[in-house]
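Each chain gets a letter, A, B and so on, in the order the sequences are listed, and its residues count up from 1.
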Amino acid sequence: MADIRSLPGFREFYPEDRAIQNHLFTVWRQACRRYGFREWESPVLEPLELFTEKSGEEIVKQLFNFEDKGGRQVSLRPEMTPSLARMVGARANGMPKPIRWFSIGENFRYEKPQKGRLRSFYQLNADLLGEASATADAELIALCADCLLGFGLTQKDFSIRISDRQLWFKFLESEKVPAEKITGVLGVVDKLERSSPGDLLEAMKAVLAGTECDPAKLLASVKAFAAIRSLNELEVIAQKDAAMAARLVEWKQLLDSIKALGFSECVSIDLTIVRGLAYYTGFVFEAFEVGAEARALAGGGRYDTLVKKLGGPDLPAAGFGMGDVTVRDLLESKNLLPKYSDGPNFYVMILGDDARHVALEDIAALRRAGFRVEYNLRDGKFPKLIQSAETIGAQYALVYGGEEVAKGITKVRSLTDRTEATIPRTDIIPALRAVLEEGMRAILP
RNA sequence: GUGGUUGUAGCUCAGUUGGUUAGAGCACCGGUUUGUGGUACCGGGGGUCGGGGGUUCAAGUCCCCUCAAUCACCCCA
């Protein structure tokens with residue numbers, strides 16, 4: 001039994017892990033609801049073509065795909081977006097816009113597992129479709145921030161860096177980079193922080209081969225552009241280029257909205273963020289942990305052409321994803337995970353089998369009333385039972401011994417402050433409800 | 001996919017230059033004679049030392065392969 005282990009890159013969730021998982025999902029779900037997003041879900045297993053058709057064959061290497069018993073080529077979903085596009089596409093005509101949708105689901109990719117990078121992971125996805133203006137991007141960035149703030153994280157713990165692929169396009173066009181080479185150059189930009197100057201120059205040379213651009217010169221101006229951290233600096237550069245100046249109007253709208261929503265402190269301009277994915281078409285952003293680890297917590301952006309490419313309607317769209325693994329790691333290191341307590345409200349101590357029948361009747365009534373109740377299945381002695389109540393994390397112990405049953409009462413004992421009081425069994429449900437709400441003082445003499 | 005490190009009970013680890021039935025602490029279960037708990041004492045279950053092969057009279061200890069975890073690179077929907 002023990003030699004059949006779980007598959008590499010898959011996690012088992014013991015109750016304490018699952019409790020943490022639920023906490024993450026709850027915070028995310030609450031934040032999304034406050035923004036008017038509605039939850040959706042799609043099949044975990046999809047036809048392989050859904051992911052290969054529009055995304056390129058290279059992706060197949062990382063797909064968790066196989067042939068099912070009916071000879072169909074299928075794949076576990078590596079992301080939600082293709083399914084989202086299909087579902088929205090099927091009903092888009094009749095749906096009120098904008099569409100605010102979120103999902104929390106398990107995704108899969110067949111890769112060599114590493115820390116923070118597994119074959120199965122859960123991800124929050126929030127998407128806003130049908131609105132092309134920057135107000136939608138601002139809404140998503142605000143939601144992204146709230147999904148982190150909801151855990152008790154502060155502006156000091158993370159930062160959402162905002163960038164803009166469209167601005168990059170206009171900038172590179174003004175630098176005379178041929179249109180078909182721009183994506184390649186952005187690939188170099190993506191590595192700006194991680195690679196050595198020599199490697200960057202080599203990469204730039206490779207991208208610009210066959211063009212008239214000077215790799216070294218372009219690399220220098222790209223670096224300078226990527227170093228911009230404020231709207232003012234951008235405006236200075238944009239004065240020379242009408243297309244860029246026009247784009248800055250969008251930037252102002254974005255930053256204004258974010259400011260009015262109260263999230264200025266959470267965001268910063270950082271043009272080194274371009275996101276690896278080629279499908280992003282406008283603003284892009286990534287949330288990072290502030291500090292040495294600098295874990296990436298979330299990422300997203302605008303993808304106005306993707307839904308149509310995936311076979312859906314021509315809908316502007318933007319969205320972001322947030323994974324459970326890094327967020328959990330971060331909360332753990334910041335000590336922000338709530339202490340695990342899944343114990344029952346009441347542990348009923350049945351002393352002697354004579355009391356059992358009466359106790360079970362009350363237990364059933366308490367459970368019908370909505371309380372979480374456990375009790376000893378086997379007869380046990382007092383010290384043992386109260387120890388059990390303590391061990392499983394019960395809030396209160398209820399004593400059902402021969403004495404109590406004879407008198408028609410039960411003894412309530414707080415496991416935390418060790419006070420106790422008796423209540424009549426006829427009054428048990430309202431009395432215990434009061435105890436849970438106000439503590440022992442509700443029944444103490 | 002490439003390279004490095006690690007792998008002994010649920011957890012944290014000991015296991016001497018290879019040598020008798022593999023240990024400790026914590027946790028778990030039971031008990032310390034009859035209804036008041038985080039302490040103490042006693043007892044118990046649980047490991048084919050990640051798996052396989054090899055060297056040897058003898059391997060947890062040496063060699064090879066493999067699996068897994070982890071780190072770096074690659075990649076990242």
Can you check the distance between [N] and [M], where both ends of the measurement are the [atom1] atom (answer in whole Å)?
{"N": "B/C64", "M": "B/G25", "atom1": "C1'", "answer": "36 Å"}
{"N": "B/U33", "M": "B/C42", "atom1": "C1'", "answer": "15 Å"}
{"N": "B/G46", "M": "B/A40", "atom1": "P", "answer": "25 Å"}
{"N": "B/U16", "M": "B/U34", "atom1": "P", "answer": "47 Å"}
{"N": "B/C62", "M": "B/G18", "atom1": "P", "answer": "8 Å"}
{"N": "B/C57", "M": "B/G1", "atom1": "C1'", "answer": "45 Å"}
{"N": "B/C49", "M": "B/U8", "atom1": "C1'", "answer": "4 Å"}
{"N": "B/G50", "M": "B/G10", "atom1": "P", "answer": "13 Å"}

Which pairs of donor and acceptor atoms, one on a side chain in residues 118-127 of chain A, lie under 3.5 Å apart (sequence neighbours left out)?
unit_1	atom_1	unit_2	atom_2	d
A/Arg119	NE	A/Glu111	O	2.7
A/Arg119	NH2	A/Glu111	O	3.2
A/Ser120	OG	A/Glu106	OE2	2.6
A/Tyr122	OH	A/Glu106	OE1	3.4
A/Asp127	OD1	A/Tyr303	OH	2.3

In whole angstroms, how far is the [atom2] atom of [N] from the [atom1] atom of [X]?
{"X": "A/Arg418", "N": "B/U39", "atom1": "CZ", "atom2": "C1'", "result": "11 Å"}
{"X": "A/Lys411", "N": "B/G35", "atom1": "NZ", "atom2": "C1'", "result": "7 Å"}
{"X": "A/Arg413", "N": "B/U36", "atom1": "CZ", "atom2": "C1'", "result": "5 Å"}
{"X": "A/Arg119", "N": "B/C75", "atom1": "CZ", "atom2": "P", "result": "19 Å"}
{"X": "A/Tyr14", "N": "B/C28", "atom1": "OH", "atom2": "P", "result": "16 Å"}
{"X": "A/Glu403", "N": "B/U36", "atom1": "CD", "atom2": "P", "result": "11 Å"}
{"X": "A/Arg109", "N": "B/G1", "atom1": "CZ", "atom2": "P", "result": "15 Å"}
{"X": "A/Leu63", "N": "B/C75", "atom1": "CG", "atom2": "C1'", "result": "14 Å"}

By the 4.0 Å heavy-atom rule, please label [X] as base, sugar-phosphate, or nothing.
{"X": "A/Leu415", "answer": "base"}
{"X": "A/Ser83", "answer": "nothing"}
{"X": "A/Gly402", "answer": "base"}

**Study point:** Inter- and intrachain pairs under side chain to side chain donor-acceptor pair (under 3.5 Å), touching residues 128-142 of chain A, at least two apart
**Key:**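 For residues 128-142 of chain A, and leaving out neighbouring residues, the side chain to side chain donor-acceptor pair (under 3.5 Å) pairs sorted by first residue read A/Arg100-A/Glu139, A/Glu131-A/Ser133, A/Ser133-A/Thr135, A/Asp137-A/Arg302.
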Review point. Pairs in or reaching into residues 324-338 of chain A: which pass side chain to side chain donor-acceptor pair (under 3.5 Å), with residues at least two apart or in two chains?
Key: A/Arg11-A/Asp324, A/Asp17-A/Arg328, A/Asp157-A/Lys334, A/Arg295-A/Ser333
Practice item. Report, as yes or no, whether the 6.0 Å neighbourhood of atom NZ on A/Lys115 holds more than 12 heavy atoms from other residues, nucleotides or ligands. Key: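 At most 12 heavy atoms, drawn from other residues, nucleotides or ligands, come within 6.0 Å of this atom.
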Taking C-beta and beyond as the side chain, do [X] and [Y] meet within less than 4.5 Å on heavy atoms?
{"X": "A/Leu366", "Y": "A/Ile429", "value": "yes"}
{"X": "A/Val185", "Y": "A/Trp168", "value": "no"}
{"X": "A/Thr410", "Y": "A/Asp362", "value": "no"}
{"X": "A/Val373", "Y": "A/Leu398", "value": "no"}
{"X": "A/Ser163", "Y": "A/Thr272", "value": "no"}

Review point. Which residues pass the side chain to side chain contact (heavy atoms under 4.5 Å, CB included) test with A/Leu331, sequence neighbours left out?
Key: A/Leu24, A/Phe151, A/Leu153, A/Val327, A/Leu336, A/Leu337
Review point. Tell me, which pairs form a salt bridge (charged side-chain N to carboxylate O under 4.0 Å, His left out) where one or both residues lie in residues 370-388 of chain A, sequence neighbours left out?
Key: none
Scan nucleotides 69-74 of chain B against the protein and return all N/O pairs shorter than 3.5 Å with their distances rounded to 0.1 Å.
unit_1	atom_1	unit_2	atom_2	d
B/A69	OP1	A/Gly9	N	3.2
B/C71	OP2	A/Lys115	N	2.9
B/C73	N4	A/Gln114	NE2	2.9

**Study point:** ring-ring contact (aromatic ring centres under 6.0 Å, His included) involving A/Phe371 - partner list, sequence neighbours excluded
**Key:** A/Phe346
**Study point:** Residues forming a ring-ring contact (aromatic ring centres under 6.0 Å, His included) with A/Phe283, sequence neighbours excluded
**Key:**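 Partners of A/Phe283 under the ring-ring contact (aromatic ring centres under 6.0 Å, His included) test: A/Trp251.
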Every protein N/O within reach of nucleotides 44-47 of chain B N/O, cut-off under 3.5 Å:
none

Review point. If you check every side-chain atom of A/Ile386, which of B/U36, B/G35, B/G38 has the closest atom?
Key: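 Out of B/U36, B/G35, B/G38, the nucleotide with an atom closest to A/Ile386's side chain is B/U36.
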Check your understanding: Which ring pair (Phe, Tyr, Trp, His ring centres under 6.0 Å) pairs, counting each pair once, include a residue from residues 401-440 of chain A, with sequence neighbours left out?
Key -> none
Pairs under 3.5 angstrom, nitrogen or oxygen only, protein versus nucleotides 29-33 of chain B, please.
unit_1	atom_1	unit_2	atom_2	d
B/G30	OP1	A/Arg378	NH2	2.7

Exercise for review: Could you tell me whether the side chain of A/Glu404 has a donor or acceptor atom within less than 3.5 Å of a complementary atom in the base of B/G35?
Suggested key: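 In this structure, the two groups form a donor-acceptor pair.
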**Study point:** Stem segments of RNA chain B by first residue number [Watson-Crick or G-U, under 3.5 Å, at least 3]
**Key:** B:1-7 with B:67-73, B:10-13 with B:23-26, B:28-32 with B:40-44, B:50-54 with B:62-66
Review point. Any side-chain donor paired with an acceptor under 3.5 Å for A/Ser268 and A/Asp270?
Key: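 Short answer, no.
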